[in-house]
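Quick notes on the structure that follows.
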Amino acid sequence: MKEFKRTLVTTALPYANGPVHIGHLAGVYVPADVYVRYLRLKGEEVLMIGGSDEHGVPITIRAKKEGVTPQDIVDRYHTIIKDSFKEFGISFDVYSRTSSKMHHQTASDFFKTLYDKGEFIEQTSEQYYDEEAQQFLADRYITGECPHCHAEGAYGDQCEKCGTSLSPLDLINPKSTISGSTPVLKQTKHWYLPLDKHEAWQKEWILEQHKEWKANVYGQCKSWLDMGLQPRAVSRDLDWGIPVPVEGAEGKVLYVWFDAPIGYISNTKELLPDSWEKWWKDQDTRMIHFIGKDNIVFHCIVFPAMLKAEGSYILPDNVPANEFLNLEGDKISTSRNWAVWLHEYLQEFPGKQDVLRYVLTANAPETKDNDFTWKDFQARNNNELVAVYGNFINRALVLTHKYFDGKVPACGELNEYDQATLKEFADVKQQVEKLLDTFKFRDAQKEAMNLARIGNKYLADTEPWKTAKTDMERTATILHLSLQIAANLAIAFEPFLPFSSEKLRKMLAMSSFSWNDLGKVDLLPEGHQINPAELLFEKIEDSVVEAQVQKLLDTKKANEANSFTPEAIKENVPFEDFCKLDMRVGTVLECTKVPKADKLLQFKIDDGMGGRTIVSGIAQSYPDPQVLVGKQVCFVANFEPRKLKGIMSEGMIISAVDADGRLVVISPSDVVKNGVNVG
RNA sequence: CGCGGAGUAGAGCAGUGGUAGCUCGUCAGGCUCAUAACCUGAAGGUCGUUGGUUCGAUCCCAGCCUCCGCAACCA
């Protein structure tokens, strides 16, 4: 394997339209921080780069909703995110933002370089334009009727009712969410990065030279490369972002995916205006991207293509992407407020940064999605941090104060058992290193904890409280070794639990502190005075975690109650329009899931006229379709029949859409004759 | 049949073509320096499912089921 002189660690830029939660931490920031702390402790040259991603459509939508500017939104969240990272001990060398001047300049120059080199292709397409607001409309700025389920309010990229993905051109009766007017199609020019031109070298680079990448990362890259890469637009019609720096590009900005990763470069530049290039352009620099699994393609394929196209940059050496963390069995969601927010945790658990760091590493979603529960949080704190690690430290220190006035006693002759114990913990360094070097943080932390287990076992087996009655020399040796193990723990846990390591270091009055000392048995010299014992970790009571669970349940309830605001009433229509619709009642004879479709149910309806087949996108609200059999339902009988998944559907079953999106079919309150009118 | 990842003890996770492992929980015993913590031992598994390759499959191959992600701008 190639030897590198320095390591550049980048962390995914959190999107500044909300605070940071435990999912972000477990997926990206905790592992990245463990890694850089480890490298620093080894004395290696390393940089950790972070920053807020502040452009993109969702931020502009949110700003509009709240009646403030996009800058107000990103200022608010950038501050919260930055402060909470700092307090949590994520040791960025720089944490900046993509709305900074430096970033605008850097990204703009980067685009210009690629443009001048002819690395882009230009393409003109038709997109919706709002003539009143005088701007092109991003997908999310257009709503209309979904062509599949005919629900109103579907967005230009997706219908949230039936989940179908859409293009803005699919919408029936499109409306601009900005002015409410009907948009018109207009030609617009955009620049594309022809990824297909980069396919050949990427195949060689990833599939041949980086077989060591994690299975989830390698697998996804392989599938993309095997499918064949397509050109990707790098600009958008929007007024929030970095202006496209070429003539004839008024009103166009860089697409966020193009602008965001360049933030890694800008932020390095901001930190080291004179020497940033050696971190980005020297083949002896090793670049590592820490990201979540949703970002794999951008960091393994798209961003490297940009860097290669520019020509002077290095490529990432590894991209250790994690899977996702769930919370109490449910997907973490910013919009549903189903999350443990970092800034709130810090307020509610002051001084307990390390507990969360420990739990998130112990349960890190390294190979598959994992679940965070408060019960597990409490158990890991009480049974592992307190009972195993904290308790060992306390035992060693209390005994030393009790028998030797807090001075490190002399090490006498070592017996066979002492030797065996020493040998066992000398191996820990190599083990932890091997695991950290391969990004196996969960196992590495477990190995560090093993050191405390060795300590506890050593005390239990040698029983210094008994030897103290007969043989002080032997007691001295036992405690001498126990204290050396304690000092080793301070080093081994520094990358994982920096706050506790500092506390322990102070208790032991340790002067030297380096990764290379790990495994040594002379960290604390004979006669060295240690400080009074304090508890390294405290128990967490049931009531505390119960309160957190309750808080989650409360937000869930509040969400369900608050999230519902009735939609605005549509404009009045003449009675004749209503009469054009022919709605009838029928009885469900059969109801089955349509194979290979998540959302479709196929109904056989007795409509009093020989029966008809209707396909309806409500399968997710009715996991057991049988419950509908025998029910009477209302349906629109005179829609043009249309094919769904190859089945001709003759009408549409009418459903109410509950606040949580669940669809409930409408039934008459009494049984009526099949085929009667609704009106 | 769009693509990728995952499915192993009550929970969370390792792992390997030849006797299934770790942490927590549970049960029993030991210890009493320690935050009722610690140490030892035990119970607990048709390794998602069906078929194939093999002397032998949890592992390799094929089909199917379930969960997650991407495609489709929340880690």
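Note that the structure is a prediction, hence the values are computed from the model and not measured. Just so you know, these numbers use all the heavy atoms, side chains as well, and skip hydrogens, waters and symmetry mates. Below, chain A is the first sequence line, B the second, and so on; all start at residue 1.
A gap of 7 Å separates the C1' atoms of B:C61 and B:U53, to the nearest Å. Distance check on atom C1': B:G10 versus B:G52 gives 34 Å, rounded to whole Å. Here the separation of B:C47 from B:A36, taken at their P atoms, is 41 Å to the nearest Å. Using P as the reference atom, B:A9 and B:G63 are 26 Å apart when rounded to the nearest Å. Here the separation of B:G18 from B:A28, taken at their C1' atoms, is 34 Å to the nearest Å. Spacing between B:G56 and B:A37 at atom C1', rounded to whole Å, works out to 47 Å. When the P atom is used for both B:A20 and B:G45, the distance is 13 Å, rounded to whole Å. Separating the C1' atom of B:A43 from that of B:C33 is a span of 31 Å, rounded to the nearest Å.
The residue A:N295 sits close only to the backbone: its heavy atoms come under 4.0 Å of sugar-phosphate atoms, none of a base. A:E384 comes within 4.0 angstrom of sugar-phosphate atoms only, judged by non-hydrogen atoms across all strands, and of no base. Residue contacts shown for A:I22 are absent, as no nucleic acid heavy atom lies under 4.0 Å away. A:R62 comes within contact range of no nucleotide atom at all, as no heavy-atom separation falls under 4.0 Å. Among the heavy atoms of the strands lying under 4.0 Å from A:K446 is at least one base atom, whether or not backbone atoms are also near. Residue contacts for A:G56: at a heavy-atom cut-off of 4.0 Å it reaches no nucleic acid atom on any strand shown. Residue contacts shown for A:F324 include a base, since a base heavy atom lies under 4.0 Å away. When heavy atoms are screened at a 4.0 angstrom cut-off, A:K331 is found touching the sugar-phosphate backbone but no base atom.
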**Complete:** With sugar-phosphate taken as primed atoms, P, OP1 and OP2 and all else as base, the protein-contact string of nucleotides 29-37 of chain B at under 4.0 Å (heavy atoms; B, S, -) is --SSBBB-S

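For the OP1/OP2 pair of B:G5 and a distance below 4.0 Å, the side-chain nitrogens and oxygens of A:K214 include no atom meeting the criterion.
In this structure, A:N363 atom CG and B:C22 atom P are separated by 19 Å, rounded to whole Å. The interatomic distance linking A:I485 (CD1) with B:C38 (C1') rounds to 14 Å, in whole Å. Here B:G48 presents its C1' atom at 12 Å from NZ of A:K368, a figure rounded to the nearest Å. For the pair A:E323 CD and B:C67 P, the computed distance is 16 Å after rounding to whole Å.
For A:Y345 and A:H21, the ring centers are positioned 6.0 Å apart or more. Side-chain rings of A:F493 and A:Y389 approach one another, their centers coming within less than 6.0 Å.
At distances below 3.5 Å, at least one donor-acceptor pair connects side-chain atoms of A:K503 with backbone N or O atoms of A:L535. Checked by atom type and distance alone, the side chain of A:S52 never pairs as donor or acceptor with a backbone atom of A:H78 at under 3.5 Å. With A:N322 contributing its side chain and A:G292 its backbone, the two residues share no donor-acceptor pair below 3.5 Å.
Using a cutoff of 4.0 Å between basic side-chain nitrogens and carboxylate oxygens, A:K293 and A:D369 are scored as salt-bridged. The pair A:E323-A:K368 does not count as a salt bridge, with every side-chain nitrogen at least 4.0 angstrom from each carboxylate oxygen.
The environment of A:E473 atom CD is sparse: at most 12 non-hydrogen atoms of other residues, nucleotides or ligands sit within 6.0 angstrom. Remark: A:E538 CD is loosely packed, at most 12 non-hydrogen atoms of other residues, nucleotides or ligands lying under 6.0 Å away.
Side chain of A:R380, nearest nucleotide from B:G4, B:C39, B:G12: B:G12. When distances are taken from the side chain of A:F298 to each of B:C39, B:A71, B:G69, the shortest belongs to B:A71.
Looking at which nucleotide of RNA chain B each of A:G292 and A:A379 is closest to, the 5′-most match is held by A:A379. Mapping A:Y29 and A:K440 onto RNA chain B by nearest heavy atom places A:K440 closer to the 5' end of the strand.
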